[in-house]
A.B. asks: 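First, the structure itself, so that you have it in front of you.
Residues: numbered from 1 along the sequence shown.
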Amino acid sequence: PISYSFIPMIFLLCSEVIISFLVTKSKKMNKLFYGTPNLIIKEGIINQRELKKLRMSVNELLSELRLKDIDDVSTVDYAILEQNGKLSVFEKKKVGERVDKSQFCYAVITDGVISETDLTYLGFDTNWVESKLKKKGLTVDKIFLMTVSPDGKTNIIVKEEK
């Protein structure tokens, strides 16, 4: 009977709704289901440990770079393997041009949660973040998104009231 097919469909639909809800409300669940972005190339240096951890070969990395029209890995300043599996690439500037690292920002707070990983890349700590927020009369739990560039420039978006 056709009614037997409705039970699995309803179960799958309910599972999807529940998982989507949990992923948006819990950082741990989000990390479990979607993972985290991985910095593969930083300032032109390939992070070989990260490649090994991701079980990604150098040939796969080179292939992904070629798909971004990059034929020489030495022209890459940053490469990030995003949560959706796509590679984001930031190229070095041409010879004679100054590299502006201030344009590359890290998300140090997302939805009221501090990212220790991004702070480590920047060389800052939670005390630095909290002091920046205190100057503006804010607390971590009130922040929707805070990005910081390597030169310390911050951008803060406050959570909307419900």
Side-chain angles (χ1 to χ4, degrees), residues 19-20 22-136 138-160:
I19 290 171
S20 295
L22 291 173
V23 165
T24 59
K25 296 297 178 186
S26 169
K27 185 175 181 176
K28 288 181 182 178
M29 291 299 286
N30 188 303
K31 188 175 181 179
L32 176 70
F33 281 96
Y34 296 121
T36 57
N38 300 91
L39 193 59
I40 295 177
I41 299 175
K42 180 181 180 185
E43 296 177 356
I45 299 170
I46 297 174
N47 186 340
Q48 296 175 27
R49 285 191 186 126
E50 198 67 28
L51 280 178
K52 186 179 262 187
K53 184 177 103 178
L54 295 168
R55 295 184 305 273
M56 183 179 198
S57 71
V58 176
N59 289 332
E60 289 173 310
L61 174 62
L62 294 174
S63 173
E64 288 295 322
L65 291 173
R66 284 192 298 272
L67 291 171
K68 299 280 185 182
D69 295 325
I70 297 171
D71 57 354
D72 184 3
V73 72
S74 68
T75 64
V76 176
D77 200 18
Y78 288 91
I80 302 167
L81 186 62
E82 301 292 352
Q83 290 171 310
N84 62 3
K86 294 185 180 183
L87 192 68
S88 296
V89 180
F90 300 88
E91 291 185 80
K92 293 178 182 177
K93 300 291 180 183
K94 303 287 186 230
V95 176
E97 291 182 19
R98 193 164 173 241
V99 176
D100 185 8
K101 293 181 184 174
S102 66
Q103 294 178 0
F104 188 78
C105 294
Y106 293 86
V108 295
I109 299 177
T110 53
D111 203 18
V113 179
I114 295 177
S115 170
E116 297 289 338
T117 305
D118 290 333
L119 282 176
T120 302
Y121 285 135
L122 289 163
F124 298 126
D125 61 7
T126 55
N127 293 331
W128 180 86
V129 171
E130 289 169 355
S131 69
K132 284 282 189 186
L133 294 176
K134 191 174 184 179
K135 288 179 187 175
K136 297 183 184 234
L138 298 168
T139 58
V140 173
D141 62 320
K142 301 287 185 201
I143 304 302
F144 180 70
L145 176 66
M146 178 179 178
T147 59
V148 180
S149 63
D151 62 1
K153 182 180 173 191
T154 61
N155 182 31
I156 299 171
I157 300 171
V158 179
K159 286 183 182 179
E160 294 177 351

A.B. asks: Could you state the interatomic distance from OG (Ser20) to NZ (Lys25), rounded to the nearest 0.5 Å?
C.D. replies: 12.5 Å
A.B. asks: If you take all heavy atoms of Ala107 and Asp118, which pair is closest and at what distance?
C.D. replies: O-OD2, 2.7 Å
A.B. asks: Report, as yes or no, whether the 6.0 Å neighbourhood of atom NZ on Lys159 holds more than 12 heavy atoms from other residues, nucleotides or ligands.
C.D. replies: yes
A.B. asks: If we only count heavy atoms from C-beta on, is the Phe90 to Val76 side-chain gap below 4.5 Å?
C.D. replies: no
A.B. asks: Which heavy atom in Asp125 sits nearest to a heavy atom in Leu119, and how many Å separate them?
C.D. replies: C-CD1, 3.8 Å
A.B. asks: The criterion is salt bridge (charged side-chain N to carboxylate O under 4.0 Å, His left out); which residues satisfy it with Glu130, sequence neighbours excluded?
C.D. replies: none
A.B. asks: Tell me the closest heavy-atom pair linking Leu87 and Ala79, and the distance in Å.
C.D. replies: CD1-CB, 4.3 Å
A.B. asks: Find the distance between CG (Leu61) and CD1 (Ile40) and round it off to the nearest 0.5 Å.
C.D. replies: 6.0 Å
A.B. asks: Using the side-chain contact (heavy atoms from CB on, under 4.5 Å) criterion, which residues pair with Ile157? Sequence neighbours excluded.
C.D. replies: Phe144, Leu145
A.B. asks: How far apart are the closest heavy atoms of Glu82 and Ser88, and which atoms are they?
C.D. replies: OE2-OG, 2.8 Å
A.B. asks: After noting the C-alpha distance and the side-chain angles of Tyr121 and Leu39, does the key distance pass the side-chain contact (heavy atoms from CB on, under 4.5 Å) rule?
C.D. replies: CA-CA 10 Å; Tyr121 285 135; Leu39 193 59; 3.7 Å; yes
A.B. asks: When you measure from the side chain of Asn47 to the backbone N and O of Glu50, does any donor-acceptor pair fall under 3.5 Å?
C.D. replies: yes
A.B. asks: What I'd like to find out is whether the side chain of Met56 reaches to under 4.5 Å of the side chain of Glu64, using heavy atoms alone.
C.D. replies: yes
A.B. asks: I'd like to know if the side chain of Ser26 and the backbone of Val23 have a donor-acceptor N/O pair within less than 3.5 Å.
C.D. replies: no
A.B. asks: Can you give me the closest heavy-atom contact between Tyr78 and Lys42, atom names plus distance?
C.D. replies: CE2-CG, 3.7 Å
A.B. asks: Whether Asp111 and Lys27 form a salt bridge (side-chain N of Lys/Arg under 4.0 Å from carboxylate O of Asp/Glu) is what I want to check.
C.D. replies: no
A.B. asks: Quick one: pull up CG in Leu67 and NZ in Lys86 and give me the separation to the nearest 0.5 Å.
C.D. replies: 11.0 Å
A.B. asks: With heavy-atom distances below 4.5 Å as the criterion, would you say the side chains of Val89 and Lys68 are in contact?
C.D. replies: yes
A.B. asks: Which value, rounded to the nearest 0.5 Å, describes the distance between Ser74 atom OG and Ile46 atom CD1?
C.D. replies: 10.0 Å
A.B. asks: How long is the gap from CZ on Arg49 to CG on Leu54, to the nearest 0.5 Å?
C.D. replies: 14.0 Å
A.B. asks: Restricting to non-hydrogen atoms, name the atom on Met146 and the atom on Leu133 that form the minimum distance, rounded to 0.1 Å.
C.D. replies: SD-CD2, 4.0 Å
A.B. asks: Do the non-hydrogen side-chain atoms of Thr147 and Ile156 ever get within less than 4.5 Å of each other?
C.D. replies: no
A.B. asks: Measure the shortest side-chain to side-chain distance between Asn38 and Lys53 over non-hydrogen atoms and say whether it is less than 4.5 angstrom.
C.D. replies: yes
A.B. asks: With a 4.5 Å cut-off on side-chain heavy atoms, are Glu116 and Thr126 touching?
C.D. replies: yes
A.B. asks: Report yes if some heavy atom in the side chain of Asp77 is under 4.5 Å from a heavy atom in the side chain of Glu43; otherwise report no.
C.D. replies: yes
A.B. asks: Is any side-chain heavy atom of Leu138 closer than 4.5 Å to a side-chain heavy atom of Lys132?
C.D. replies: no
A.B. asks: Taking atom NZ of Lys92 and atom CD1 of Ile41, what is their separation to the nearest 0.5 Å?
C.D. replies: 9.5 Å
